[in-house]
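Just so we're clear, the structure is a prediction, and the values are computed from it rather than from any experiment.
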Amino acid sequence: MRLKLVPEQTKFDFFSRPVLWLGISALLMVVAMASFLMQGLNYGIDFRGGTTIRTESTQVVDVGAYRAALGALELGDVVISEVFDPNFRDDQNVAMVRIGAQDGEEAVSTDVIEDARLALAAVAPDIKFVSVESVGPKVSGELIRTAAIAVTLAIGAVLIYVWLRFEWQFAVGAVVALVHDVVLTIGIFSELQIRFDLAIIAALLTIVGYSLNDTVVVFDRVRENLIKFKSLTLKDVLNLSINETLSRTFMTSVTTLLALIALFVLGGDVIRGFVFAMIWGVIVGTYSSIFVASTILMRLGVKRDWSKPVDTTGNQFGDIDA
Amino acid sequence: MLQVELWKRVLIWMTVAVGLILATPNVFYNRVETHNDAVKAIDAGFDTTENRATAATWPSFLPSGLVNLGLDLRGGAHLLAEVQVQEVYEARMEAFWPEVRDVLRDARDTVGTIRLQPSPDKGELRVKISEPGGMDRALELVRGLAQPVVSLTGAGSTDIVVRGEDDVIVVSLSEAEQQAMDNRTMQQSLEIIRRRIDEVGTREPTIQRQGFDRILIQVPGIGSAAELKAIIGTTAQLTFQPVISRTTDASERPGAGNELVPALDDEGVFYVLEQAPVVTGEELTNAQPAFDQNGRPAVNFNFNPSGARKFGDYTANNIGSPFAIVLDNEVISAPVIQSHIPGGSGIITGNFTVEESTHLAVLLRAGALPAKMVFLEERTIGPELGQDSIDAGKVATMVAFVAVLVFMALSYGLFGLFANIALILNIALIFGLLSLIGATLTLPGIAGIVLTVGMAVDANVLVFERIREELRTAKGPARAIELGYEKALSAIIDANITTFITAVILYVMGSGPVRGFAITLGFGILTSVFTAIFVTRLLIIIWFERRRPKTIEV
């Protein structure tokens with residue numbers, strides 16, 4: 001007996017409603033962009049500068065009292081939030097305190113942190129600062145720039161690779177799907193106001209890699225089938241290829257999601273945002289390989305006359321052997 | 001048909017074996033770590049029986065490389081400092097003024113009287129001459145003071161640029177000289193920071209130059225970034241200067257050649273000092289925490305011979321007058337010279353605690369930083385948080401691992417078990433590679449490993465699905481397996497190269513924890529392709545050779 005997520009042979013028609021799918025994707029992207037433009041991302045200190053303090057105490061966190069205690073220090077913009085995690089011990093009460101960048105200071109001065117410690121100790125005497133991170137405005141500006149460059153570079157490199165290995169229509173399809181995934185991920189971070197920091201950029205790039213992985217597997221099969229079934233229409237070839245790879249697509253998505261969900265639930269709150277981005281990315285990336293990348297490829301059409309000789313499998317790595 | 005030559009089999013198993021052996025030390029993390037510390041101590045000359053016993057707890061024929069734990073897992077402090085390299089230009093130009101003055105004074109007939117002008121740009125010397133007619137001569141004279149630049153890239157250029165603006169001579173440093181100086185400043189700063197941190201004796205600090213004028217400092221195990229800043233943040237410029245007077249007026253004019261310096265302990269007290277120091281900290285050879293005759297913490301110091309002579313001569317000639325011990329522009333103390341102090345040793349007293357005196361001694365021994373540093377980024381991670389993260393990461397990895405193993409076995413039966421063996425080897429190989437290059441494991445790095453657990457099966461899934469398809473067209477099991485591998489290969493390669501590209505970009509562009517993630521992701525891709533293409537395949541072939549099944553089910 002085998003566990004089968006997808007029947008042995010499927011004949012779904014993925015392109016019966018191309019306008020609908022592209023329309024939904026376009027609409028979601030517009031919503032994501034609008035959310036990003038209207039309320040913006042909840043940037044972490046990596047990108048906006050400032051200080052975050054993670055506090056721990058055996059006493060229950062009283063956000064109001066913390067705010068009052070720190071308000072007396074006149075530190076400007078202070079945000080306090082309690083952190084919950086199933087891994088915490090019963091008497092482990094954790095809060096995050098974010099203090100905005102201080103005028104004229106690069107990293108926050110030791111005195112400010114010491115003052116904050118004293119002020120909070122008045123509320124919860126056994127309070128501990130388990131981590132203090134402070135980033136100056138100079139570095140945070142550079143980090144935003146580097147992050148934007150990294151994402152652009154990754155998408156650009158992928159465009160070139162897919163173009164070289166396939167045809168330009170494939171590259172366009174793949175890149176539109178990637179942009180779709182990145183925009184939707186940024187959108188959900190903006191909509192849910194999850195903290196957006198440097199690690200999320202790493203997650204974004206991983207999503208780019210994962211989504212592409214999926215797209216390339218489908219495209220690889222499309223290329224093979226285009227040669228094998230010269231008489232079929234492009235739409236039929238695409239449908240056939242997606243159906244043939246559907247089982248693999250689901251298997252890999254499920255194993256990856258299994259691992260990520262384990263990390264999401266048990267991995268602690270520090271990386272939860274990061275893992276959330278990746279779970280979202282895997283789902284969106286799987287969807288976009290089929291409904292965005294392939295649909296675009298169908299719209300663009302592809303050269304069917306492969307005049308140059310290609311071996312039967314369309315596999316240029318065929319001579320690698322164990 | 002389904003064959004793998006013997007030498008290839010041997011090579012594959014050897015690669016796996018080497019990976020496993022390299023990964024072994026991480027299973028005994030604490031034991032190997034204490035062993036490594038002991039070995040280091042013995043190398044450093046502390047060859048005690050105790051150290052030898054500790055070193056012997058881990059056999060020397062086994063590798064002892066470990067995966068380093070990043071700050072977010074071990075706890076510690078991280079600082080990104082920017083060195084104010086321009087400060088050095090200023091000091092350099094100040095020191096250059098007497099030379100300019102002397103050479104122009106000798107040509108007083110043609111250039112007239114000279115006067116130093118205040119300059120908006122601190123790296124510039126502006127000298128006004130009263131006879132504008134002598135400008136050409138003056139420029140020629142000052143240019144004559146230029147020295148060739150001592151550096152590879154600056155060869156052929158001189159250190160200063162001199163130009164005339166009406167009746168003002170403007171002297172500034174040439175670009176080549178600025179670059180050479182910047183490099184020297186950075187190297188000196190790095191060296192001194194390294195010495196100061198080594199003095200405190202912590203395990204595996206990271207001290208790296210980043211970009212043009214920045215230094216990244218990571219010290220595991222230290223209590224806080226503030227503590228680290230106290231060790232490296234002070235420039236520790238020590239000077240001994242003659243005292244002219246003591247005052248409580250902060251706006252008092254010190255007069256030419258003098259300066260007004262605040263006292264460290266007494267607020268509102270200032271000293272007027274001669275600017276030229278008698279001796280500087282550069283001539284110290286040693287400094288130790290000690291106690292003065294009243295039992296209060298103090299610092300003992302020794303000068304080198306030339307410093308000792310200067311100090312001896314000065315004290316002999318100025319018995320009864322006070323002199324100031326100045327650290328970073330604050331007077332630590334201003335004792336009155338009681339007697340001639342020969343031999344070049346002395347004691348600095350002040351309102352120190354024992355900790356402060358120890359700290360000051362460390363700073364004095366390591367030498368002064370050439371320029372001030374501004375801290376752009378500081379992070380402190382407590383050891384408890386790091387331990388919590390490790391624990392959570394361990395549990396999550398185990399659960400993810402078991403879930404994927406069970407899922408694969410359910411989906412592919414026996415072939416799923418082969419893939420699972422490959423997956424376990426895969427994780428071991430990642431740790432082997434990480435230990436081999438001494439990479440650092442961070443919390444996002446653990447996430448990278450978990451992600452790899454999920455994604456590593458992808459290559460196997462591609463092959464198995466392909467074998468299923470080939471079986472449908474009924475070519476016989478051996479042929480189906482062969483075709484399955486052959487046809488899945490291009491998809492495996494394409495899919496993994498694209499992910500690998502993003503991992504490389506992440507590594508190049510990222511920093512700190514993100515880089516840790518990129519490393520594990522990249523290694524994970526390499527090892528998963530290796531295990532899928534070679535190890536699983538070999539397992540299947542060995543099984544196939546033994547059983548020779550007529551039909552197979554994947």
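Annotation: the span from B:Leu423 atom CG to A:Thr255 atom OG1 amounts to 9.5 Å, rounded to 0.5 Å. Atoms CG and CZ, from B:Leu451 and A:Phe274 in turn, are 8.0 Å apart once rounded to the nearest 0.5 Å. Taken from CD1 in B:Ile497 to CG in A:Leu212, the straight-line distance is 11.5 Å, to the nearest 0.5 Å. B:Leu376 CG to A:Ser134 OG: the interatomic distance, rounded to the nearest 0.5 Å, is 10.0 Å. The distance from the OG1 atom of B:Thr380 to the CD1 atom of A:Ile113 is 6.5 Å, given to the nearest 0.5 Å.
Heavy-atom pairs under 4.5 Å with chain A peak, among B:Ala77, B:Ser411, B:Ala226, at B:Ser411. The residue among A:Asn87, A:Thr52, A:Ile271, A:Val217 with the most heavy atom pairs within less than 4.5 Å of chain B is A:Ile271. Ranking A:Val254, A:Asp269, A:Val265 against chain B, the residue ahead of the rest is A:Val254, based on heavy-atom pairs under 4.5 Å. Chain A forms the most heavy-atom pairs under 4.5 Å with one residue out of B:Leu462, B:Asn496, B:Ile492, B:Leu538, and that residue is B:Leu462. Of the residues considered (A:Leu205, A:Thr249, A:Leu143, A:Val151), A:Leu205 shows the highest number of contacts with chain B, using heavy-atom pairs under 4.5 Å. Of the listed residues B:Gly382, B:Ala396, B:Gly393, B:Gly75, the one with more heavy-atom pairs under 4.5 angstrom with chain A than any other is B:Ala396. Note: B:Asp458 leads B:Asp458, B:Ile505, B:Leu506, B:Thr499 in heavy-atom pairs under 4.5 Å with chain A. Most heavy-atom pairs under 4.5 Å with chain A, from the set B:Met398, B:Met408, B:Arg214: that is B:Arg214. When the candidates B:Val504, B:Ile446, B:Thr502 are compared by the number of heavy-atom contacts under 4.5 Å with chain A, B:Thr502 comes out ahead.
Residues A:Arg223 and B:Asp494 meet the side-chain proximity criterion, which asks for heavy atoms closer than 4.5 Å. Side chains of B:Arg468 and A:Ser247 form a contact here, defined as non-hydrogen atoms less than 4.5 Å apart. At a threshold of 4.5 Å between non-hydrogen side-chain atoms, the residues A:Gln92 and B:Asp388 count as touching. Counting only heavy atoms from C-beta outward, the side chains of B:Lys487 and A:Arg221 never approach each other to under 4.5 Å. Annotation: side chain of B:Glu82 is in contact with side chain of A:Lys138 (closest heavy-atom distance under 4.5 Å). For the pair B:Met509/A:Leu153, a side-chain contact is recorded, criterion being any heavy-atom separation below 4.5 Å from C-beta on. Residues A:Thr206 and B:Phe517 meet the side-chain proximity criterion, which asks for heavy atoms closer than 4.5 Å. When side chains are defined from C-beta on, B:Leu385 does not count as touching A:Glu56, because their heavy atoms never get closer than 4.5 Å.
Neither the backbone nor the side chain of B:Phe464 comes within contact range of chain A; no heavy atom of the residue lies under 4.5 Å from a heavy atom of that chain. Interface remark: B:Val450 contributes backbone and side-chain atoms alike to the contact with chain A (heavy atom separation under 4.5 Å). Neither the backbone nor the side chain of A:Val275 comes within contact range of chain B; no heavy atom of the residue lies under 4.5 Å from a heavy atom of that chain. Neither the backbone nor the side chain of B:Leu11 comes within contact range of chain A; no heavy atoms are under 4.5 Å apart. Within the 4.5 angstrom heavy-atom criterion, only side-chain atoms of A:Arg89, from C-beta onward, approach chain B.
Between B:Glu465 and A:Arg248 there is no salt bridge, since none of the side-chain N atoms of the basic residue sits less than 4.0 Å from a carboxylate O of the acidic one. Using a cutoff of 4.0 Å between basic side-chain nitrogens and carboxylate oxygens, A:Lys4 and B:Glu553 are not scored as salt-bridged.
Within a 6.0 Å radius of CZ in A:Phe264, other residues, nucleotides and ligands contribute more than 12 heavy atoms. Heavy atoms from other residues, nucleotides or ligands lying under 6.0 Å from NZ of B:Lys394 number 12 at most. Heavy atoms from other residues, nucleotides or ligands lying under 6.0 Å from CZ of A:Phe88 number more than 12.
Taking the side-chain hydrogen bond (donor to acceptor under 3.5 Å, both in side chains) definition, one finds that A:Ser57 meets it with A:Asp126, sequence neighbours left out.
The two residues A:Val216 and B:Ala495 have their closest heavy-atom pair at CG1-N, 3.8 Å. Here the closest non-hydrogen pair linking A:Ala157 and B:Ile501 is CB-CG2, 3.6 Å.
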Hey, can you pull the donor-acceptor pairs under 3.5 Å for the side chains in residues 399-407 of chain B, sequence neighbours left out?
none

